[in-house]
Amino acid sequence: MKHRKPPADDDRRRNLTDEQHRITQRGGTERPFSGAYVDCKLDGVYRCVCCGIELFSSDHKYDSGSGWPSFWLPLAEDRVQVRRDVSHGMIREEVRCFNCDAHLGHVFPDGPKPTGLRYCINSAALDLDSESAED
Ligand code: FE
């Protein structure tokens, strides 16, 4: 079953902080252990900070020791796109939001079973929708 993609949310994008903009729109990387969600253990869904679609679940988050939030699976296959990135003298697989093309991070083949993948994602690209949060 195909769902129509929601439009990118211009209001959200306009309200990005400089750090969120540098990372999501210019392919930047936050310093390791600096992001808000590195050690976050709250239950919930991590949304794209730029367009709001649900990208990752806390169910698939694990402590990789890398200094960035790490997931072994996206919420669904059609939430992210992966492309070859040869910048900075490395060959890496870049992870972007499928909906709005925001840069999220990279995926590496050294994650836990069953996927063996580590989606290494910048906190600044994410917005946690916590189940336990009270507004
Ligand atoms: Fe997005």
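Just follow the structure's listing: the first ligand is 1, and inside any ligand the first atom is 1. On a predicted model such as this, the values are computed, not experimentally measured, just so you know.
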Of all residues at least two apart in sequence or in a different chain, which pass the side chain to side chain donor-acceptor pair (under 3.5 Å) check with Thr24?
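Applying side chain to side chain donor-acceptor pair (under 3.5 Å) to Thr24 gives none.
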
Mind checking what makes ring-ring contact (aromatic ring centres under 6.0 Å, His included) contact with His60, not counting sequence neighbours?
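Applying ring-ring contact (aromatic ring centres under 6.0 Å, His included) to His60 gives Trp72.
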
Salt-bridge criterion met for Lys61 and Asp43 (N-O under 4.0 Å):
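Looking at Asp43 together with Lys61, the answer is no, because their closest N to O distance does not fall below 4.0 Å.
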
His106 vs His103 aromatic rings, parallel, tilted or perpendicular, using cut-offs 30° and 60°?
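Perpendicular, since the angle between the ring planes exceeds 60°.
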
pair Glu77-Arg79: side-chain heavy atoms closer than 4.5 Å:
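Glu77 does not reach Arg79 side chain to side chain.
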
Could you enumerate the protein N, O or S atoms under 2.8 Å from the Fe ion (ligand 1), written like residue then atom name?
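Listed by chain and number, the atoms are Cys48 SG, Cys51 SG, Cys97 SG, Cys100 SG.
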
Per the side chain to side chain donor-acceptor pair (under 3.5 Å) rule, what does the pair list look like for residues 111-120, sequence neighbours excluded?
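Sorted pair list: Asp110-Arg118.
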
